[in-house]
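In what follows, a structure is listed as structure tokens, so that the remarks can point back to it.
Per chain, numbering begins at 1; letters A, B, ... match sequence-line order. Computation of the quantities below employed the complete heavy-atom set of this structure, encompassing side-chain atoms and omitting hydrogens, waters and symmetry-equivalent molecules.
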Amino acid sequence: MSLCGFRQALEGSIVESCNYDPSVIEPKWQRIWEEQGTFYAREDTDKPKYYALIEFPYPSGEGLHVGHPRSYTALDVLARKRRLEGYNVLYPIGWDAFGLPTENYAIRNKVHPAKVTKKNIDRYRKQLKSLGFSFDWSREFSTTDPDYYRWTQWIFLKLFEKGLAYKAEIPINWCVSCKIGLANEEVVGGACERCGGEVVRKIKSQWMLRITAYAERLLQDLDTVDYIEKVKIQQRNWIGRSEGAEVDFQVAGSEHTIRVFTTRPDTLFGATYMVVSPEHPIIDELRDQIENFDEVAAYREQAMNKSDFERTELAQEKTGVPLKGVFAVNPCTRSEIPVWTSDYVLMTYGTGAIMAVPAHDTRDYEFAQKFGLPIVEVISGGDISKEAYTSVDDGILVNSGFLNGLTVKDAIERMIDWLEEKGIGKRKVHYKLRDWVFSRQHYWGEPIPLVECQDCGWVPVPEDQLPVELPDVEHYEPTDTGESPLAKIDWWVNTECPRCGKPAKRETDTMPNWAGSSWYFLRYTDPHNDREFASMDKLKYWLPVDWYNGGMEHTTLHLLYSRFWHKFLYDCGLVPTPEPYKKRTSHGMILGENNEKMSKSRGNVVNPDDIVAEYGADTFRVYEMFMGAFDQATPWSQHGIKGCRRFLDRVWRLQDILVDGDEYSPELETLMHQTCKKVSEDIERMKFNTAVAALMSLVNAFYDRGEVTRAEFRDFLVLINPFAPHISEELWERNGYEGQIASYKWVEWDETKAVEDMVEVPVQINGKIRGTVLVPRDAEQQDVRAKLQEDETIAKFVTGKQVTKEVYVPGRIYSLVVK
RNA sequence: GCGAAAGUGGCGGAAUGGCAGACGCGCUAGACUUAGGAUCUAGUGGGUUAUACCCGUGGGGGUUCAAGUCCCCCCUUUCGCACCA
């Protein structure tokens, strides 16, 4: 209390409370930052730019839980550090607000989705502001703003113009309960990603985006970006490039050929039958030749009605039907081989048909075994009476004419050459990546800005008529037919053709919510531009995003989609860089206290509002960073957060032991330099937990010493500021440091002062540590040896023994082997 | 099945091949208190015949003066993909 009075006298002002009270100081600083626009990014400075990005949230009805801010806090720490380092930082925030949950909620509660969205955004904004993130709120927008989705539509029209958006009648994944078409990526374990409901196949005319046209570049350019390795690996696997050959098989007694893709052309001599996918057009083409067409048609019917789940998960046992009367000619052996249809061959990959080499492919082997088809060994090295021999590393070609004696690798090359010479095949690369189903039969999404005219076909809505706004209507329930709710709104659907003026109809499907998130980071650079989606000047200044952190769950969807759009815009000359994100990292999930995923249904959700109310935002932020390794999943702990509050209480009370001094004290000089170095480096490596631990250790050291100099306290406050911005600014101000930390500078350290002069060197004898000796860091080996000889407990292991090996790693270890 | 990551005290977690368990939680004892779910001090991997020694990083081998860390084999868990020809 007396110290408190002392400070009051010193500052000549009334200090409201001597206790650390975040509920007072946090709103205070948040207000100051807002009023002063402290964290607004500017374009008119000479400072180097830094663009830090987090995945903008989907504002759900539930509000934030403590998992969401982990990413925001981490990049907030980084953004604040960068500003102190002299960068002009862009750390923006917005809302990814189109989407199904809001629409479903709106339907259930009879509130317009726009209203629900606004309410949810307001709640999220309030929550995020209470955590003190240094977002540039002046650039906030929502993907649902017409001013924003106008440009989403505009980019779509560019894609349409360049032939990258096309309509296709394809079987899509149809969720029975959502009544919506799903992208392959939205089907998880055969069920709808959103509702968990049953997914079946349904033929529908869909807008597709030709992302496959960019497959090779999306793959190649991964080498040019700094993404954590597991993201790159997942994207590579998702793109799934595979090299091989396409080969045409003649259908015996017919003009038809069946084209197959194979990665193992070396095994062509062992192709003893063929399989076509049930959807393969050749079945209809050969209808007259197929003796059992009814049986085949029935099988096809059955296969096409199966959901993907049934077709994969449940169909462990292979099924299939021969196309009786149809034979293909093996171009190598010239023998006629049977043709089957089976749903283990997918129409959506390769050519929808395969040559089956049961001796060297596990799936073909299984099929051949079941249906008694011949198995011919063409690569020696395995035992094909037991299982398929699939190794490509060893094994020598046999029973293969001109390939006999070759290794697999050589045989592949020889065979492709031979196929190309004969004109019956060629080298070919295929990708697992599929085109992007871009249509959704829903209300709450960006309308696809196209009009269908009987005479002109699909015609884009002219640029000056964008955005095509969603009609403000009462009803937007899905239709049972699978049409979009918009289809029922006649006044909106019926329009005239922009080209010929005749009556025409609008496209009633809307875009998936991956659309708005594919380019939002571009809009942040110039969010109020009403002439362009963003000006080239601003894009040139801010791009690429320097550091983008987000969840692993977005690796193959959002991240790939946005790279695709960005590359497309780059090709159009509309963005300055071929890649949007320079660096990508990923955070681990925060689990509930029971170690399970946090969810309403599990009842283990922790709301940040409660934590802020009880402990304060700074405690929350410090705990989020301290609780565990940033990239790993960690359970929330009510006990853990208390420890962080205790830490900040101790930080607050450092004022009581603050003493004059423009320098570090001699006792703590090394530790100060070490801590400045460690915290700085740990933030860069995302080792936030050990950075906080180092700060805790430093505070412990201040208390052990019993005092902290003003210079020490100043640099400590700078170090902790990114983690705990409110308390550090408050202590800065209360203790008479100049200005605000926000306009101060990051710490510096001296490498030579960050190492101890005297070090304790452990002494190891026959592999066991027997003690330590205190020596100067750069002591000579003989001096250390002499010193350890003086230490009785150590020396007793050496005296009278023969030393056979001696290793000294300066400052690290002294190791002896004795007999 | 394929791919990736991980397995360390009672708990969350630290450790460029160099004293395993930093830091925090929890716990034990003590101090101060009318009180303590506040604060401070000391202790806290296990064992034992305790200032010392032995054993300890999922299991088993190996390399090394030295292994949680590197190599080989195995087990378990989590995540992603899943008949991709």
Suppose you measure atom P in G26(B) against the same atom in G37(B); what distance do you get, rounded to whole Å?
12 Å
Mind checking Arg241(A) for me? I need base, sugar-phosphate or nothing, with any heavy atom below 4.0 Å counting as a touch.
nothing
Using a heavy-atom cut-off of 4.0 Å across all strands, would you classify Thr555(A) as base, sugar-phosphate, or nothing?
nothing
Have a look at Lys768(A) and say if it touches a base, only the backbone sugar-phosphate, or nothing, with a 4.0 Å heavy-atom cut-off.
sugar-phosphate
Please name the pair of heavy atoms, one in His360(A) and one in Arg264(A), separated by the smallest distance, quoted to 0.1 Å.
O-NH1, 4.4 Å
Could you write out each protein N or O paired with an N or O of nucleotides 36-45 of chain B at a distance under 3.5 Å?
from, atom 1, to, atom 2, distance (Å)
U39(B), O3', Arg653(A), NH2, 3.2
C40(B), OP1, Arg650(A), NH1, 2.7
C40(B), OP1, Arg653(A), NH2, 3.2

Please work out if Asn700(A) contacts a base, only the sugar-phosphate, or nothing of the nucleic acid, heavy-atom cut-off 4.0 Å.
sugar-phosphate
Under the ring-ring contact (aromatic ring centres under 6.0 Å, His included) criterion, do Phe367(A) and Tyr273(A) qualify, and how do the steps go?
CA-CA 11 Å; Phe367(A) 193 80; Tyr273(A) 65 100; 5.7 Å; yes
Ser242(A) and Tyr349(A): side-chain donor and acceptor closer than 3.5 Å?
yes
Tell me which residues in residues 812-819 of chain A put a heavy atom below 4.0 Å from RNA chain B, sorted by number, or none.
Arg812(A), Ile813(A), Ser815(A), Val817(A)
Within the structure shown, what part of the strands sits under 4.0 Å from Gln234(A) by heavy-atom distance: base, sugar-phosphate, or nothing?
sugar-phosphate
Please measure how far the C1' atom in C73(B) lies from the corresponding atom in U78(B), and state the result in whole Å.
23 Å
Work out how far the C1' atom of U34(B) is from that of G24(B), and round it to whole angstrom.
32 Å
Map every base of RNA chain B to its dot-bracket character, where paired means a Watson-Crick or G-U wobble contact with both distances under 3.5 Å and | marks a partner outside the strand.
(((((((..(((.....[....)))((((((.......))))))(((.....)))..(((((..]....))))))))))))....
Determine the interatomic distance between P on A38(B) and the same-named atom on G46(B); round to the nearest Å.
24 Å
For the backbone of Lys432(A) and the side chain of Arg434(A), can you confirm whether one donor and one acceptor N or O come within less than 3.5 Å of each other?
yes
Let's see if you can work this out: which of A85(B), G3(B), C83(B) has an atom nearest to the side-chain heavy atoms of Ile354(A)?
A85(B)
How is Ser637(A) classified with respect to the nucleic acid when contacts are heavy atoms under 4.0 Å: base, sugar-phosphate, or nothing?
nothing
For a quick check of understanding: with a heavy-atom distance under 4.0 Å over all strands, which category does Ala356(A) fall into, base, sugar-phosphate or nothing?
nothing
What interatomic distance, in whole Å, is found between P of G58(B) and the corresponding atom of G13(B)?
15 Å
